[in-house]
K.L.:
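Take a look at this one; I'll ask things after.
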Amino acid sequence: MSAKSRTPLVAGNWKMNGSKAFIRGLLDDVQSELQPLALERCSVLVFPSYAYLYAVADQLRGSSIGVGAQDVDERPEGAVTGGVSAGMVRDLGCGFAIVGHSERRTLFGESDSTVAEKYDRCCEQNLTTIVCVGETLEEREAGQTLEVVHRQLKAVTDRVGVDFAGSMVAYEPVWAIGTGRSATPDQAEEVQASLRACLAEVDAGLAEATSILYGGSVTAENAQSLFEMNNIDGALVGGASLKADNFAKICEVAERVKR
Ligand code: PGA
């Protein structure tokens, strides 16, 4: 299996943005921007806030655009005020979830082991999971980038081994998220190649087959140079995913470059 045989994927992380009207309009616009592109290779996912998850899943029923949750609780159910379980996400008709986003790690103090528990809950519900990893600027400057991202990934893969198959990894350097300062293609490629090597320690076939996305200030302008890298199989897009034309352009670039 080669890089070309991995399915390119572009995912929009809408974070805590929008209103009922905005989300509805954004989704309408994304659908109409994507329609003429007739994507054959590139998979497209959107991750709205929980508040709009049902409405978005409902609108996307029967569409080729997948929908998922930005997070799930690490507990399966019960007395967790404010929590949303992986089972609920599945029940709403979603097939995907993100775990370990750096905003969850920093704003909510989620540890590697919490992220691994969340991953387990997603697997129990057959949610396809994107595990996010990424170093802070201080960690990068201290030369700890690879150590940090390997530790974050291994927190999950050490538990599940080859059963990680079908899941995805997103490399999102914290310093690149929402800053307009994307990692350079070479910087991202170096880390993503090393994440793939980390997966190869579990199983060579797993490493070859797993899609590794890049996230952090991806735009319609820089997508091409990022997607030209062998180990960048797609993108997790925040800010630029809130504009349907930019998001569609990124999908179009992934389809073309990863053909
Ligand atoms: P950004 O966010 O594209 O706005 O940098 C990416 C992310 O947090 O997933």
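Start at 1 and go down the list; that is how both ligands and their atoms are numbered.
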K.L.:
Answer yes or no: does an N/O atom from T179 fall short of 3.5 Å to an N/O atom of ligand 1?
P.N.:
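Looking only at distances, the answer is no, because the N/O contact criterion of under 3.5 Å is not met.
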K.L.:
In the protein, what heavy atom is nearest to atom 6 (C) of ligand 1, and what distance, to one decimal place, separates them?
P.N.:
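Answer for atom 6 (C) of ligand 1: G238 N, 3.5 Å.
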K.L.:
Check this for me - ligand 1, V237, N or O atoms closer than 3.5 angstrom, yes or no?
P.N.:
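No; every N/O pair is 3.5 Å or more apart.
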K.L.:
Heavy-atom contacts with H101 under 4.0 Å: which atoms of ligand 1 show up? List them by number with element.
P.N.:
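Every atom of ligand 1 under 4.0 Å from some heavy atom of H101: 7 (C), 8 (O), 9 (O).
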K.L.:
If you measure from each heavy atom of G215 to ligand 1, is any distance below 4.0 Å?
P.N.:
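Under 4.0 Å: no for G215.
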K.L.:
With atoms numbered from 1 as shown, which atoms in ligand 1 lie under 4.0 angstrom from a non-hydrogen atom of G216?
P.N.:
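The list of qualifying atoms is 5 (O).
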K.L.:
Taking a hydrophobic cluster as the set of Ile, Leu, Val, Met, Phe, Trp and Tyr residues connected by side-chain heavy atoms closer than 4.5 Å, whether directly or through intermediates, do M168 and L195 fall within one such cluster?
P.N.:
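As far as the 4.5 Å side-chain criterion goes, L195 and M168 are not connected within one cluster.
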K.L.:
Assess the side chains of Q31 and Q35: does a donor N or O sit below 3.5 Å from an acceptor N or O?
P.N.:
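Distance-only check fails for Q31 and Q35.
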K.L.:
side-chain contact (heavy atoms from CB on, under 4.5 Å) with Y214: which of E189, Q187, Q192, E172?
P.N.:
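Single side-chain contact (heavy atoms from CB on, under 4.5 Å) partner of Y214 among E189, Q187, Q192, E172: Q192.
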K.L.:
Extract all donor-acceptor atom pairs below 3.5 Å that involve side chains of residues 45-55 and protein atoms in other chains or at least two apart in sequence.
P.N.:
{"from": "S49", "atom 1": "OG", "to": "A51", "atom 2": "N", "distance (Å)": "3.1"}
{"from": "Y50", "atom 1": "OH", "to": "D71", "atom 2": "O", "distance (Å)": "2.5"}

K.L.:
Please answer whether the main-chain N or O of Q125 pairs with a side-chain N or O of R90 as donor and acceptor at a distance below 3.5 Å.
P.N.:
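Yes, because the side chain of R90 sits within donor-acceptor range (under 3.5 Å) of the backbone of Q125.
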K.L.:
Do any nitrogen or oxygen atoms of A240 lie less than 3.5 angstrom from nitrogen or oxygen atoms of ligand 1?
P.N.:
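For ligand 1, there is no N or O atom that lies under 3.5 Å from one belonging to A240.
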K.L.:
Below 4.0 Å from ligand 1: does a non-hydrogen atom of A176 turn up there or not?
P.N.:
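True for this residue.
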K.L.:
Which atoms of ligand 1 are found less than 4.0 Å from any heavy atom of N13?
P.N.:
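Here the atoms of ligand 1 in question are 9 (O).
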K.L.:
Checking side-chain polar atoms at under 3.5 Å, does R256 have a donor or acceptor matched by the opposite partner on Q224?
P.N.:
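Yes, side-chain donor-acceptor contact under 3.5 Å.
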K.L.:
Hey, which atoms in ligand 1 end up nearer than 4.0 Å to a heavy atom of G178?
P.N.:
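Answer, ordered by atom number: 1 (P), 4 (O), 5 (O).
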K.L.:
With heavy atoms of E172 as the reference, note each atom of ligand 1 found under 4.0 Å away.
P.N.:
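The list of qualifying atoms is 6 (C), 7 (C), 8 (O), 9 (O).
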K.L.:
Under a 3.5 Å cutoff, is there a donor and acceptor pairing between the side chains of T136 and E139?
P.N.:
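Distance-only check passes for T136 and E139.
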K.L.:
Is there a polar contact, in the sense of an N or O pair closer than 3.5 Å, between G239 and ligand 1?
P.N.:
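Yes: some nitrogen or oxygen of G239 is under 3.5 Å from one in ligand 1.
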K.L.:
Can we call the ring centroids of Y119 and F164 under 6.0 Å apart?
P.N.:
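Centroid separation for Y119 and F164: below 6.0 Å.
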